[in-house]
Trainee: 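The structure's right below; bear with me while I get my questions together.
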Amino acid sequence: MGEAVLVNRKKFVSSLANELVEPFNELSKKTRINKSRLLDEAIEDLLKKYEEKGG
């Protein structure tokens, strides 16, 4: 089975601090929001934060 074709997304690889993995997994389960969407929201918040700081 081949990989899914991503139309509105791009793949990237990163790592996460050990202590954040389980809370992140639990948040996804609790909210029923997939991890990709949660990461989108987090990155948007970071971009806004640093844009406001002029950085």
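All values reported here derive from a predicted model rather than from experimental measurement.
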Trainee: Using a 6.0 Å cut-off, check whether atom CG of Asn34 has over 12 heavy atoms from anything other than its own residue.
Mentor: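 Counting other residues, nucleotides and ligands, CG of Asn34 exceeds 12 neighbours.
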
Trainee: In Å, rounded to the nearest 0.5 Å, how long is the span from CG of Leu16 to CG of Leu39?
Mentor: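 Separation between the atoms: 8.0 Å.
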
Trainee: Rounded to the nearest 0.5 Å, what separation is found between the CD atom of Glu26 and the OG1 atom of Thr31?
Mentor: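 Spacing of CD (Glu26) from OG1 (Thr31) equals 10.5 Å.
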
Trainee: If you define the side chain from C-beta out and look only at heavy atoms, does anything of Leu27 sit under 4.5 Å from Lys35?
Mentor: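 No, every pair of side-chain atoms sits at 4.5 Å or beyond.
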
Trainee: Identify whether Leu38 and Ile43 are in the same connected component of the hydrophobic contact network (ILVMFWY, side-chain heavy atoms under 4.5 Å).
Mentor: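 The answer is no; the residues belong to distinct hydrophobic clusters.
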
Trainee: Looking at side-chain heavy atoms only, is the closest gap between Ile33 and Ser28 below 4.5 Å?
Mentor: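 They are not in contact (no side-chain heavy atoms under 4.5 Å apart), so the answer is no.
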
